[in-house]
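Atoms considered below: every heavy atom in the structure, side chains included; atoms not considered: hydrogens, waters and symmetry mates.
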Amino acid sequence: MARVPGNLPGSESVSSFVGRRAAVAEVRALLGAARLVTLLGPGGMGKTRLAVHVAESVRRSFPDGVWLVELADLRDPDMVGHAVVDALGVVDQSMTSSEDVLTDHLRGKKLLLVLDNCEHVLDACAQLAATILRAAPHVRILATSREALHAPGEHVWAVPPLSVPEQGLADLPARKLLEFEAVELFAQRAAAAVPGFELTPENREGVARLCARVDGMPLAIELAAVRLQALGVTEILDLLENHFQALPTVVRGAPERHQTLRAAVDWSYTLCSPAEQAVWARVSVFSGGFDLDAAVAVCADADLSAPVVIDALTALVGKSVVIREPRSSPAARYRMLETIRQFGREVLHVSGAEPATRTRHRDHYARQAAQAWREWSGPAQLTWSAKLRRDQNNLRSALQHAFDHDQPAGARMATDLGYLWVCGASREGRRWLDRALEVLTKETPERSRALWVSGWVRQIQGDSGASAAALNECLRSARRLGDDEAASRAEQFLGIHLLLGNRLAPAETLLSSAMSHYRDGASWDSVSLIGLAALGWLQLVCGRAEEAERTCQECRRLSAELGERWAASWALWVLGLIGWSRREPRPTVEVLRECIGIKRDLGDWFGIPCAVEVLVWVLAEDGEHERAARLLGANRQLWLPVGQPMFGFAPYLEAHEKCASQLRAALGDARFEQSHAQGQHLAADEAVSCALGTPEAPPERGKSPLTRRERQVADLVAEGLTNREIAETLVVSQRTAESHVENILNKLGYHSRTQIAAWARERPTGSP
């Protein structure tokens, strides 16, 4: 069975989908006729779950995938395009607008985009949808929102509540009551909360009345069902009805079902202890997920101690107010449904505690950014790389709050996140660093640091003119201030700028000067070690291969002493170039694969195509023509978001063209085009796997049909991880995680993740 790409959560990663058969059929039919369909309804109506279920049911109709874009955490309309780019797994380091990047990527593709929770950024979603649909005629969009987008060609479909028994039907037999969607949902969630729960003659009337009382709204039903851990059905119904009567105008003027849901959430809130209520409100400031350390840092104060916060958070998980995202590591993460989070934000605002809570949130992530900057050059590099990517939504929120309320703090934080920006988020980083430079107007060491980091980010983007301007200003200012470190950083990156322009003599002068400063002060870190690798590269370009090799080995030794890997990967890249120039294919392939593996682990999607490019040249020289042609095609796609291959360095552009011509001559036009096209259709992670020479090998006779990686994935499925969590754990994309899960299903002949979990639990980890 062919794999369909995408990033939808697995069918077992969210609670089961109940009923909605008629709704699914109607939305599918509408999506077949219209290119933009918006599912409309209040929070808690189940729009997201319906959209994901419909998308899953039609995914075979979209050979280029079904992609979920979660927008609930966004408040800045300018970030909508970034969110879609991220969800599609498109690496974007260029200066091109996100809309142009998207349209270039989507043009000619047949896929479905699911834009979830558009109401916060309605106009931006409408504009982006219109742009995409104009540029990509085979793309369809399924959106969820509390308001219509009012985009051209939009078809709106109001999501109805779950069906409920009419008055007088509560005495139906249990099997008949379960035909009503609301009752079926309550029974399922009740059984999950209290194992063994089932409809009985004693409770079925209460269940039916309860479902009718909340108008069949899924979220309200789930909040009520979890209360069975402490209360009976009749008690829940009585408390709920009394609460509704006490709140006759919950949201004055709002539609009835908005009031119903608000009352249900408010009722759940009133049943929480004061500490639980406070933590509910305070954790609402998080954008996306958060871990326990963050929860304590943001929620604890003089009135709420850390142990109380932990106990309250645990209780909120038990009440389904906060959702725990299971992970393989001990550091659990948590999240909230958007409707519940919005309620918490309203409570926080009314309580007057919002400013202090948001300040603690900002300060926590500012401390995290500063710590990441200090510790990046050591053994925690991989940990920080993953953590910064995982917390990117919270970092954005903290940056925005800082720039709104404490601009110097915002400028420091934007600079402290420099490693995040250069390792895959340069477009966003440039935006924040530009704001930092607008704040840091005086000639100070803080401005000098922001200037060289900004120059580095712009260099990564290929904006050589803007990069050189920032670095030259930094160099002049740092020399006036006597700031030797900033001056050395500026010299280093200006040297790289000149090297890329093939101005080798002045480049060597600047790089050598910077290295002398680092050696004199023994101030080696990731930045200075990258400069050392760059000096090795320059020596190679100047024809001094032995000297270049010594410099790169020095870089590797110093990196190993620090526990640093990123700069070491650049030294390996230069060593790969040296091996290519010496025509030593076997050891060179291993060096380049080590380089690519490190860059993959760190998410360095700027460095990966550089290393893959050289690997193609080596494979072509070694006679592996088809593999080289396939990787050449794959790398063409990897270069697109970065810009011109090999930094636009003329000698290597010539090597690129020469290699392509040699491969075409060796294979013939037809075989070359076929292999090249196969490579172009590989996803980024698949291209990296191909470069690493780790295709999925067939199992030995009598062994498990799964490869080693698939067995890892099966074990993670058994632990309850979603595709997203598996991707985070294994440091791969969601698309790759889904591919593994689907391969496992196909190989084992299964149709659900539950079956995979049962299979994995029957076999100890590592067994066949």
Side-chain angles (χ1 to χ4, degrees), residues 5-11 13-15 17 36-41 43-56 59 65-90 92 98 102 111-122 124-126 128-129 132 139-147 149 159 218-219 283-290 322-325 327 333-342 345 389-397 425 428 721-728 733-735 737-738:
N7 68 339
L8 291 182
S11 59
S13 66
V14 294
S15 40
F17 188 80
L36 172 59
V37 176
T38 301
L39 304 185
L40 213 61
M45 189 59 85
K47 301 185 297 295
T48 298
R49 194 168 289 163
L50 175 59
V52 169
H53 189 77
V54 169
E56 180 68 39
R59 63 198 305 265
V66 178
W67 303 89
L68 175 64
V69 185
E70 298 172 310
L71 301 173
D73 296 324
L74 293 186
R75 292 297 179 272
D76 183 351
D78 292 340
M79 296 305 297
V80 171
H82 290 278
V84 180
V85 167
D86 290 346
L88 287 167
V90 179
D92 180 16
S98 55
L102 275 175
L111 59 74
L112 174 66
L113 280 178
V114 182
L115 303 181
D116 189 34
N117 285 299
C118 297
E119 58 272 1
H120 310 292
V121 282
L122 207 61
C125 286
L128 185 65
I132 289 173
V139 170
R140 292 178 186 260
I141 297 175
L142 178 61
T144 76
S145 181
R146 300 182 189 187
E147 301 178 51
L149 272 61
V159 178
L219 179 56
V283 297
S284 70
V285 301
F286 287 105
S287 296
F290 57 94
V322 173
I323 299 169
R324 182 184 185 278
E325 298 181 344
R327 297 179 54 80
R333 286 182 68 83
Y334 306 88
R335 63 181 175 87
M336 301 179 85
L337 294 177
E338 181 62 13
T339 300
I340 291 176
R341 180 168 57 184
Q342 285 186 343
R345 283 177 174 166
R389 290 198 301 261
R390 193 162 53 238
D391 279 326
Q392 203 159 343
N393 281 332
N394 280 306
L395 291 167
R396 286 179 186 134
S397 177
E428 182 175 354
L721 272 67
T722 65
N723 287 343
R724 175 184 297 174
E725 291 158 352
I726 291 171
E728 288 179 359
S733 71
Q734 289 183 19
R735 177 176 178 178
E738 182 185 286

To check you understand the geometry: which heavy-atom pair defines the closest contact between V114 and A55, and what is its length?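 Closest heavy-atom pair between V114 and A55: CG2-CB, 3.8 Å.
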Which atom pair, heavy atoms only, marks the closest approach of S287 to N393? O-CB, 3.4 Å
Once rounded to the nearest 0.5 Å, what's the spacing between atom CD of E119 and atom CG of L40?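 Between atom CD of E119 and atom CG of L40 there are 9.5 Å.
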Minimum heavy-atom separation for C118 to A143, with atom names?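 Scanning both residues, the minimum pair turns out to be SG-CB, 4.0 Å.
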For R335 and F286, indicate whether the former's side chain and the latter's backbone hold a donor-acceptor pair under 3.5 Å. no
Check this for me: does any side-chain nitrogen of one of D86 and R389 sit under 4.0 Å from a carboxylate oxygen of the other?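 No, this pair does not count.
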Hey, mind stepping through T339 and R146 against side chain to side chain contact (heavy atoms under 4.5 Å, CB included) and telling me if it holds? CA-CA 11 Å; T339 300; R146 300 182 189 187; 3.5 Å; yes
Side-chain donor or acceptor of R345 paired with backbone N/O of S284 under 3.5 Å: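 Judged by distance alone, yes, a pair lies under 3.5 Å.
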Heavy-atom donor-acceptor pair, K47 side chain to G41 backbone, under 3.5 Å: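 Checked: pair present.
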Considering the options V139, L113, I141, L142, which one meets the side chain to side chain contact (heavy atoms under 4.5 Å, CB included) requirement together with L36?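 Per the side chain to side chain contact (heavy atoms under 4.5 Å, CB included) rule, the option paired with L36 is I141, out of V139, L113, I141, L142.
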Atom of L68, atom of N7 and distance for their closest heavy-atom approach: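 Minimum heavy-atom contact is N-OD1, 2.6 Å.
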Working note: V84 + L115, criterion side chain to side chain contact (heavy atoms under 4.5 Å, CB included); need CA distance, chi angles, decisive distance, verdict. CA-CA 8 Å; V84 180; L115 303 181; 4.2 Å; yes
Could you tell me which non-hydrogen atom of L111 sits nearest to which non-hydrogen atom of G65, and how far apart they are?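 What the structure gives for the nearest pair is CB-O, 3.1 Å.
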R396 CZ to N394 CG distance, which is reported to the nearest 0.5 Å: 10.5 Å
So M336 and V283, side chain to side chain contact (heavy atoms under 4.5 Å, CB included) or not? Walk me through it. CA-CA 9 Å; M336 301 179 85; V283 297; 3.5 Å; yes
Can you tell me how far apart NE2 (H120) and OG (S145) are? Round to the nearest 0.5 Å. 8.5 Å
If you define the side chain from C-beta out and look only at heavy atoms, does anything of T144 sit under 4.5 Å from V159?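 Answer no - side chains too far apart.
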If you take all heavy atoms of N117 and A72, which pair is closest and at what distance? ND2-CB, 3.7 Å
Steps toward side chain to side chain contact (heavy atoms under 4.5 Å, CB included) verdict (L128, L102): CA-CA 10 Å; L128 185 65; L102 275 175; 3.9 Å; yes
